[in-house]
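This report concerns only the one structure given below.
Naming: A, B, ... by sequence-line order, numbering from 1 per chain.
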Amino acid sequence: MALPTTDEILDDLTFFDDWEERYKYIIDLGKDLPEMDESLRTPERLVKGCQSNVWIEVGREDDRLQFLVDSDAVIVRGLLAVVMAAYNDKTPSEITGFDVDGYFQSLDLERHLSPTRGNGLKSIVARIQSIAQASQTAAG
Amino acid sequence: MTFDVMALRKQFPILAREIDGKPLVYLDNAATTQKPQCVIDSIVDYYTTCNSNVHRGAHRLADEATQRYEGARDTVAQFINAQAREEVIWTSGTTEAINIVSNGIGQILKSGDEIVVTEMEHHANIVTWQQACKRSGATLKVAPINELGELDVAAFEALLTSNTKMVAFPQVSNSLGTINPIKELTRKAKAVGAWVLVDGAQGIAHGPVDVQDIGCDFYAFSGHKLFGPTGIGVLWGKASLLSEWPVWQTGGEMISEVTYQDAQWNVLPYRLEAGTPHIAGAIGMGEAVRWFSELDMTALKAHEKALMDSATAQAQAFEGLTIVGQAREKTGVLSFLMEGGHPADIGFLLDRQGIAIRTGHHCAEPLMNRLGIPGTARASFSIYNTLDEVDALFEALKKVRMMLA
């Protein structure tokens with residue numbers, strides 16, 4: 001299944017009005033996110049959170065950055081799908097220009113980006129942004 | 001005397017809180033306990049009426065603050081049955097208390113000496129000794145646990161030799177809830193002439209502690225796990241040991257004479273308490289200890305056992321749930337795994353229902369590695385929890401299971 005776009009996610013999530021439906025949707029996104037091959041889950045790709053772990057692999061196709069991400073927790077996987085909608089297969093300038101805080105706020109998911117949650121999501125977003133920034137600088 | 005849990009709850013203002021419109025069910029007591037109003041008041045009152053530095057002021061406020069601060073030390077000394085008030089050293093918590101001992105022993109030990117800990121330690125009771133070993137050339141030995149999560153006492157004993165200089169173990173495991181036979185372990189360690197430190201962080205809030213009866217050399221605990229404030233704790237140690245122990249931090253308060261070339265250390269307890277102490281914290285902790293020690297300990301233990309029994313029975317009957325840590329002697333902690341749900345998912349979905357638990361490795365990574373799991377979901381109970389709250393946990397877990405299915 002194709003991963004949803006940011007607009008689709010915004011549409012879907014505003015449609016639900018109780019937390020259960022919203023998180024059931026996030027969990028389903030998590031289940032649909034393609035799994036990262038076990039062999040790729042190496043310490044170099046690991047972003048360790050104190051509650052759950054996240055792995056990230058970065059690739060490039062033409063001027064677009066490709067990310068492969070995974071987590072051991074399904075809600076984090078769902079949130080990663082939300083992040084991927086914004087960042088995957090985008091150019092570095094699209095990535096750095098994207099207002100991720102505003103996006104998470106409009107989805108009412110901003111507390112997952114708080115560093116206190118210990119789920120590694122904040123670090124992943126920061127890492128993606130710095131990779132995009134670095135490739136912009138290199139290209140410029 | 002019956003144990004009126006509802007009356008007890010009323011003393012804890014935070015328990016009236018709601019989370020997303022649902023009543024807070026606070027089951028993270030092994031991380032920190034909530035504070036009764038009298039503890040909160042004691043801190044506010046100190047700052048409102050007699051805030052000043054202790055021991056050295058030439059004025060009324062300093063006298064009053066010193067009285068309350070040293071009075072708190074008396075309260076704690078009495079509570080744990082210390083032989084003398086000087087044996088009670090204020091620290092920032094259990095971690096600093098263990099560091100005072102491990103830092104000192106790092107200066108005393110030599111190559112060939114051994115320190116023994118157990119497989120169920122919190123990081124504070126591993127890394128401290130591991131680093132002391134690295135500094136001194138001593139070796140760290142780890143006593144194994146059995147499949148139930150109990151210490152293998154025979155294997156523990158087999159590790160003890162004339163080379164064993166220090167033995168450290170928890171009174172209660174923070175991640176499994178296992179109660180250790182601390183008197184028996186202490187006796188065995190003392191038989192080979194080792195010093196013994198008991199990590200009381202998880203044990204102190206579950207009943208009376210008598211350090212002389214245990215027979216250990218050091219006992220460490222935190223105020224915040226005993227209904228007191230954070231940032232304050234206690235190292236208790238035998239006066240004969242502490243008065244000769246390598247000093248911890250240096251500076252003011254801990255000296256008796258200072259020249260540019262040298263300094264003489266102060267007497268106990270001050271020689272191990274450099275700088276201005278956490279006065280408000282000590283006063284709050286003293287009040288917490290006073291409050292706690294006035295409870296009916298027999299009724300309290302019976303209530304905690306009822307909570308634990310109900311939680312265990314419901315967990316056993318819950319499809320797809322595995323209890324991690326099934327020691328025969330256990331208190332306060334239900335660690336578990338659930339099929340189809342990572343602990344972080346369970347923790348999050350419980351939080352959305354107003355239920356606070358902890359998830360992860362519980363600062364016990366080596367133990368989680370030993371058990372072959374990344375971590376657990378942990379519900380931990382205290383005296384103000386109710387049987388209804390235990391039921392609420394399992395109702396909420398049903399919803400979690402449904403949502404993750």
Side-chain angles (χ1 to χ4, degrees), chain A residues 13 16-33 35-36 38 41-43 45-55 69-83 104 107-124, chain B residues 18-22 28 30-32 122-124 127 174-175 320 335-369 372-379 395-405:
Chain A
L13 273 176
F16 302 125
D17 42 30
D18 79 355
W19 76 270
E20 267 180 66
E21 288 178 322
R22 294 167 57 78
Y23 278 95
K24 192 78 189 82
Y25 174 78
I26 300 282
I27 289 165
D28 288 340
L29 283 181
K31 287 180 176 169
D32 289 339
L33 185 77
E35 271 186 40
M36 187 186 254
E38 191 72 41
R41 292 190 180 195
T42 58
R45 296 185 179 89
L46 174 68
V47 177
K48 209 170 163 190
C50 72
Q51 296 180 45
S52 54
N53 295 319
V54 178
W55 291 267
V69 289
D70 206 345
S71 172
D72 43 9
V74 72
I75 293 175
V76 178
R77 282 172 55 84
L79 295 165
L80 285 171
V82 173
V83 171
F104 266 71
L107 295 172
D108 200 17
L109 294 173
E110 69 272 17
R111 64 198 191 106
H112 292 286
L113 280 185
S114 129
T116 60
R117 290 228 63 95
N119 58 16
L121 206 67
K122 174 109 187 151
S123 320
I124 284 286
Chain B
E18 293 192 338
I19 304 293
D20 295 330
K22 297 173 192 78
D28 195 17
T32 197
H122 184 282
H123 291 163
V127 186
N174 75 312
S175 43
S335 244
F336 61 93
L337 297 171
M338 215 167 91
E339 248 170 58
H342 186 278
D345 294 324
I346 296 167
F348 180 78
L349 295 172
L350 286 177
D351 174 57
R352 289 295 325 209
Q353 301 177 74
I355 297 180
I357 63 156
R358 183 171 170 189
T359 65
H361 53 55
H362 315 300
C363 298
E365 271 192 63
L367 172 60
M368 295 300 138
N369 292 338
I373 54 178
T376 71
R378 180 189 71 183
E395 272 311 307
L397 277 174
K398 279 183 199 157
K399 182 163 277 180
V400 172
R401 184 171 58 187
M402 194 186 74
M403 289 186 70
L404 290 171

| field | chain B contact via A:Ile75 - which portion, at a heavy-atom distance below 4.5 Å | value | both
| With sequence neighbours excluded, what pairs up with A:Asp17 under the side chain to side chain contact (heavy atoms under 4.5 Å, CB included) test? | A:Glu21
[X] side chain vs [Y] backbone, donor-acceptor pair below 3.5 Å:
X: B:Arg378; Y: B:His362; value: no
X: B:Asp28; Y: B:Ala356; value: no
X: A:Arg22; Y: A:Leu13; value: yes
X: A:Asp70; Y: A:Trp55; value: no
X: B:His123; Y: B:Glu365; value: yes

| said: Give the interface residues of residues 398-405 of chain B toward chain A, defined by a heavy-atom separation under 4.5 Å. | reply: B:Lys399, B:Met402, B:Met403, B:Leu404, B:Ala405
| task | Go through the atoms of B:Leu349 and report whether side chain, backbone, both or neither lie under 4.5 Å from a heavy atom of chain A. | result | both
| field | Inter-residue atom distance A:Lys24.NZ - A:Trp19.CH2, 0.5 Å rounding | value | 11.5 Å
| remark: Interface check, chain A: of B:Gly375, B:Gly341, B:Ala344, most non-hydrogen pairs under 4.5 Å belong to B:Ala344
